[in-house]
There are 2 protein chains.
Amino acid sequence: MALLSPELRAETVALCVNSEGRGSFCVNNVKTSDAAAEEEQAQSKKALKKQQKEAEKQAKKAEKQAKMDFAKDRYGVSAMVQSQERLGRTLIRVQDLTPEKANQLVWVRARMHTIRAKGKQCFLVLRQQQFNVQALVAVGDRASKQMVKFAANITKESIVDVEAVVQTVEQKIETCTQHDVELHVERIFVISQADARLPLQLEDGLFLPAGRATVNQDTRLDNRVIDLRTTTSQAIFRLQSGVCQLFRDTLLQKGFVEIQTPKIISAASEGGANVFTVSYFKTSAYLAQSPQLYKQMCICADFDKVFCIGPVFRAEDSNTHRHLTEFVGLDIEMAFNYHYHEVLDSITDTMVEIFKGLRDRFQTEIQTVCKQYHSEPFKFLEPTLRLEYQEGVAMLRAAGVEMGDEEDLSTPNEKLLGRLVKEKYDTDFYVLDKYPLEVRPFYTMPDPHNPKYSNSYDMFMRGEEILSGAQRVHDAQLLTERASHHGIGSHSNSSCYEDFYSFRYGAPPHAGGGIGLERVTMLYLGLHNIRQTSMFPRDPKRLTP
Amino acid sequence: MALLSPELRAETVALCVNSEGRGSFCVNNVKTSDAAAEEEQAQSKKALKKQQKEAEKQAKKAEKQAKMDFAKDRYGVSAMVQSQERLGRTLIRVQDLTPEKANQLVWVRARMHTIRAKGKQCFLVLRQQQFNVQALVAVGDRASKQMVKFAANITKESIVDVEAVVQTVEQKIETCTQHDVELHVERIFVISQADARLPLQLEDGLFLPAGRATVNQDTRLDNRVIDLRTTTSQAIFRLQSGVCQLFRDTLLQKGFVEIQTPKIISAASEGGANVFTVSYFKTSAYLAQSPQLYKQMCICADFDKVFCIGPVFRAEDSNTHRHLTEFVGLDIEMAFNYHYHEVLDSITDTMVEIFKGLRDRFQTEIQTVCKQYHSEPFKFLEPTLRLEYQEGVAMLRAAGVEMGDEEDLSTPNEKLLGRLVKEKYDTDFYVLDKYPLEVRPFYTMPDPHNPKYSNSYDMFMRGEEILSGAQRVHDAQLLTERASHHGIGSHSNSSCYEDFYSFRYGAPPHAGGGIGLERVTMLYLGLHNIRQTSMFPRDPKRLTP
């Protein structure tokens, strides 16, 4: 029925119809079917030989039938692309299929998104990342009955090369992103064939640009490779790549140096809680919970302004919408002259540059995500709103919350404060400065004017914390005092304390902070689960894929 | 002797001379001395009180002496910078101290690099990152005898603020980077005081811009924070930051998406050798030896072209000049249309953009490193030289090496081939394409024209491998065959094999590779140990700092 394009050095192929009545294709002895997973495990050499014979028989039959098919060279399953030759052919991107290309004959490589056969015609939707286009295979000069049948039987999610004429349409195609044109297919070849049985079905709305998916999150994460193909996932992770790019570009322009800090460390920082242990040859080591000490060492080593982007590990058994055991930290550390607000301003400037860049350069992605998960556009002020901790507490008390002056903010109170701030100042982003000293780590610089408070700050997006930072104690003597106040002594096995000794060789005053990448993406887009903004999330219950 | 600047809210200070005759400064009860490390551990409350009394006594004495010092407000040890207030004062960078600033009164913050007292004068060299300038404190209108003595006793590596007039000099100061000017100091305050006893001494040449350091590498790495302050280290890591930036900028411009891949994985890849084990709640996990499988999943998930920069872990007990247990991978993966050379060209383009960018934008850094470690400028061709493996073997054989056609290259042979290529083609960078199939991992695509070879390649800089890559098998059936040929079955506990199953849902042909960041920096600069280009190196014997 189908002979392969000689220009692709393809070989004979047969369309086999298995017992369930689904079509699948065999090329030589490369066979795939919807039951293949089970079959493979049971396959013995004998079975393989038998299959080969069967395939040859089918191939001969197909060859015979093909003789009666005038379009037989215009469709088929291509031989596996093994870099046989370097073709000069240009492939057009789906997003570039616009009325300007009307009447042009183009080659397009895309996935089979949907297939709908109707008599002598077959309508396809071809998808490429966030974009899709309608294509038509119709019996006529260029396509035979057999070719239409072949197209109708291609499995969803297969990758195909089509040669087609771009035609403008009279009525907008509302279901496709390229609504002004459709493709009239003249050749169609399968480049990579998907199993007929997909673990996530189209019927679940997973690939539709609009409407919530009905598949539960674990099924989607278990089959993340398919889930990531949805327009929503494509948009989320393209935008996330933009967050990293904007973060770095802004900092490099400000004269920051990018550093790489080790993830395997010899001693657990901050007392050793919530840290993963690693077997390291004949000894044990730990996974870094933060690059902070290393950033600080770089400041002591005169790098002046540094940043790093890398994994951060937390062995916390927290199963919430916003905790991961491994996430990506965007970390900043900076020497300053006289006041840590010099650093705070640099960080808020950077955040504002990120928000502006996303708004201006990723509007397509924002709109795509909004179609599935609606949210209000992210609002921010220039300059960034900065409140003191005491002001925040006062706002909460005015709203009926009972809490002490030096009490830390609970997560519900953070959220409530976010709503109060939004109402009063109309911003989704603000800084809370001057946290109580007692609720911050030992290396936090006390407030020179009020010893109960500290030169430390958190930043919030839509009421959730995305950054925690502070001026660090850069004086070795004071650091010793603060550590011993927190019960961390030089005798303890917390060797991070040892490393702080480098401060005694001269340390500039400095401050910094760490931002959670997945949280920034989640909260900017108004999503509700951090697993949506981590490609391959890790939590206490998930280590795969 | 010294009273602090009231504008900095500084407090009384006394210059104490300890038993070894070295000067150290006490501010209130904040005391540091060259024996402090030992003292602190033995300090009891009683001893502290005694010290306080002594300090008060000294302070009173100093106050008395200060009354006779007309310059007493012009020098001293500042109170710790605790963000008391935000000063409007502008600090000038050392590198900006040029004759254009002649006769201007400026503030500079820098480290005390060297101090040389000579009668009524004291010559200082002030250092800031890669730059330094000479400064003079001389008895006169603006400085008293006491002030000169104070300056002469400041410990090396302390951070100071100086107010000074910029003066052009008649004779070039060859020992400083700013050789056309010197600073005539009118005020000098210690911002952060270094211990008098440094673990690495100036006498070792460590901070000198020229000449090899005589301290051994382990001592330097043990005291990395000080070692990183050398002009050489400053230059190396600024250039390394540039490598990352150029890598990303080039790829983002080509339409690549940056991805973040997990480092904690559920199963060891490639058979489970050389992998670190992590305790993961009630189970075990592993540290990723490469992001490759995740990059490939992203290609299967339609991201088309992806890159990532992140740590890579290898539990190899290799103690060589070029192996680390944790290094930074610059990874690329890309779908292609018909031939993996489309990808190979993208990677070599990227490398060439990096080399050009370093040459054009980091010449200062290259020259700085060259002063200590001389090497020939790095040479490369456009387009990049690409040799086939068989050609490489022929060149080696012509040079007297005996080896089989399908034998892998040993490290000495790689180096020799690098020299032969340099002689013949005058390039330090080239690609070796079409490796024997047997010496490559199971997921490598066989050469369609010769089954003994494969669509795989390595890249070399100055004869050492910096990248390994290939077209990957994207066909689930062929992958199963290749895996079982390598003894990796679906029944094995190598679940990476499981993950490759996602290829059955349609996978585009793709290729990629991984670059070692530290190797690129090392080999570009012609250095000889990878520990020089890793800020905090990890090897089987080193986990600190």
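Below, chains carry the letters A, B, ... as their sequence lines are ordered, and counting in each starts from 1.
Interface residue Glu316(B): only backbone heavy atoms are found under 4.5 Å from chain A. Glu342(A) touches chain B through backbone and side chain together, each having a heavy atom under 4.5 Å away. Proximity to chain B is limited to the side chain of Asn455(A), based on heavy atoms less than 4.5 angstrom apart. Both the backbone and the side chain of Gln260(B) come within less than 4.5 Å of a heavy atom in chain A. With a 4.5 angstrom heavy-atom cutoff, Pro446(A) touches chain B via backbone and side-chain atoms both. For Thr261(B), the part lying under 4.5 angstrom from a heavy atom of chain A is the backbone only. Residue contact with chain B, scored on non-hydrogen atoms closer than 4.5 Å, involves the side chain of Val328(A) exclusively. Heavy-atom distances place both the backbone and the side chain of Arg538(A) under 4.5 Å from chain B. Contact of Asp317(A) with chain B is made through backbone and side chain together, with heavy-atom distances under 4.5 Å. Interface remark: Gln471(B) contributes side-chain atoms only to the contact with chain A (heavy atom separation under 4.5 Å). Neither the backbone nor the side chain of Ser534(A) comes within contact range of chain B; no heavy atoms are under 4.5 Å apart. Of the two parts of Pro262(B), the backbone and the side chain both hold a non-hydrogen atom closer than 4.5 Å to a non-hydrogen atom of chain A. Pro540(B) touches chain A through backbone and side chain together, each having a heavy atom under 4.5 Å away. For Arg542(B), the part lying near chain A is the backbone, with the side chain staying farther off; criterion is any non-hydrogen pair under 4.5 Å. When heavy atoms are compared at a cutoff of 4.5 Å, Phe336(A) approaches chain B by way of both its backbone and its side chain. Of the atoms belonging to Leu252(B), it is side-chain heavy atoms, and not backbone ones, that fall under 4.5 Å from chain A.
Ranked by non-hydrogen atom pairs under 4.5 Å with chain B, the options Leu287(A), Ile264(A), Thr277(A), Val473(A) are led by Ile264(A). Contacts with chain B were tallied for Leu517(A), Val257(A), Thr283(A), Ile309(A); Val257(A) has the most, counting heavy-atom pairs under 4.5 Å. The candidate with the highest count of non-hydrogen atom pairs below 4.5 Å against chain A, out of Val278(B), Asn337(B), Asp447(B), Asp249(B), is Asn337(B). Top candidate by heavy-atom pairs under 4.5 Å with chain B, chosen from Met445(A), Glu326(A), Gln128(A), is Glu326(A). Taking Ala511(A), Ser192(A), Gly242(A) one by one and counting their heavy-atom pairs under 4.5 Å with chain B, the maximum is reached by Ser192(A). Heavy-atom pairs under 4.5 Å with chain B were tallied for Phe303(A), Phe313(A), Phe327(A), Phe237(A); the largest tally goes to Phe303(A). Counting heavy-atom pairs closer than 4.5 Å to chain B, the top residue among Cys244(A), Pro537(A), Ala285(A), Gly310(A) is Cys244(A).
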Exercise. Taking it one step at a time, do Phe256(A) and Ser241(B) satisfy side-chain contact (heavy atoms from CB on, under 4.5 Å)?
Worked result: CA-CA 9 Å; Phe256(A) 277 70; Ser241(B) 170; over 6 Å; no
For this session: Kindly indicate, with the supporting measurements, whether the criterion ring-ring contact (aromatic ring centres under 6.0 Å, His included) is fulfilled by Phe276(A) and Phe281(B).
Result: CA-CA 8 Å; Phe276(A) 289 114; Phe281(B) 301 100; 5.8 Å; yes
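With a 4.5 Å cut-off on side-chain heavy atoms, Arg248(A) and Arg248(B) count as touching. Tyr338(B) is listed as a side-chain neighbour of Arg89(A), based on a closest heavy-atom distance under 4.5 Å. A heavy-atom distance below 4.5 Å is not found between the side chains of Leu543(B) and Tyr286(A). The shortest side-chain heavy-atom distance between Arg111(A) and Pro508(B) falls under the 4.5 Å cut-off. Side chains of Tyr280(B) and Thr325(A) form a contact here, defined as non-hydrogen atoms less than 4.5 Å apart. In this structure, Ile191(A) and Pro509(B) have side chains that are in contact, with non-hydrogen atoms separated by less than 4.5 Å.
Listed by chain and number, the residues in a side-chain hydrogen bond (donor to acceptor under 3.5 Å, both in side chains) with Asp539(B) are Arg531(B) (sequence neighbours excluded). Under the rule for a salt bridge (charged side-chain N to carboxylate O under 4.0 Å, His left out), the partners of Asp345(A) that lie at least two apart in sequence or sit in another chain are Arg386(A), Arg86(B).
In this structure, the separation between CD on Gln240(B) and CD1 on Ile259(A) is 10.5 Å, given to the nearest 0.5 Å. To the nearest 0.5 Å, atoms CD1 (Ile159(B)) and SG (Cys300(A)) are separated by 7.5 Å. To the nearest 0.5 Å, atom NE2 of residue His474(B) and atom CD of residue Gln82(A) are 9.0 Å apart. Atom SG of Cys298(B) sits about 11.5 Å away from atom CZ of Arg229(A), to the nearest 0.5 Å. Here the straight-line distance linking atom CZ of Arg197(B) with atom CZ of Arg504(A) works out to 11.0 Å at 0.5 Å rounding. Note that OG of Ser502(A) and CD1 of Ile226(B) are 8.0 Å apart. Values are rounded to the nearest 0.5 Å.
Using a cutoff of 4.0 Å between basic side-chain nitrogens and carboxylate oxygens, Arg238(B) and Glu258(A) are not scored as salt-bridged.
Smallest separation of non-hydrogen atoms from Arg127(A) and Asp302(B): NH2-OD2, 3.4 Å. A pairwise comparison of heavy atoms in Pro311(A) and Lys263(B) identifies CG-CG, 3.7 Å as the closest pair. Nearest heavy-atom pair, Asp475(A) versus Met80(B), reported as atom, atom and distance to 0.1 Å: CB-SD, 3.3 Å.
Judged by distance alone, the side chains of Tyr505(B) and Ser158(A) never bring a donor and an acceptor atom under 3.5 Å apart.
Listed for the Gln234(A) side chain is a donor-acceptor partner under 3.5 Å among the backbone atoms of Ala301(B). Remark: side-chain polar atoms of Ser83(B) are not paired, donor with acceptor, to backbone N or O of His339(A) under 3.5 angstrom. No donor-acceptor distance shorter than 3.5 angstrom exists from the side chain of Gln84(A) to the backbone of His449(B), with no hydrogens or angles considered.
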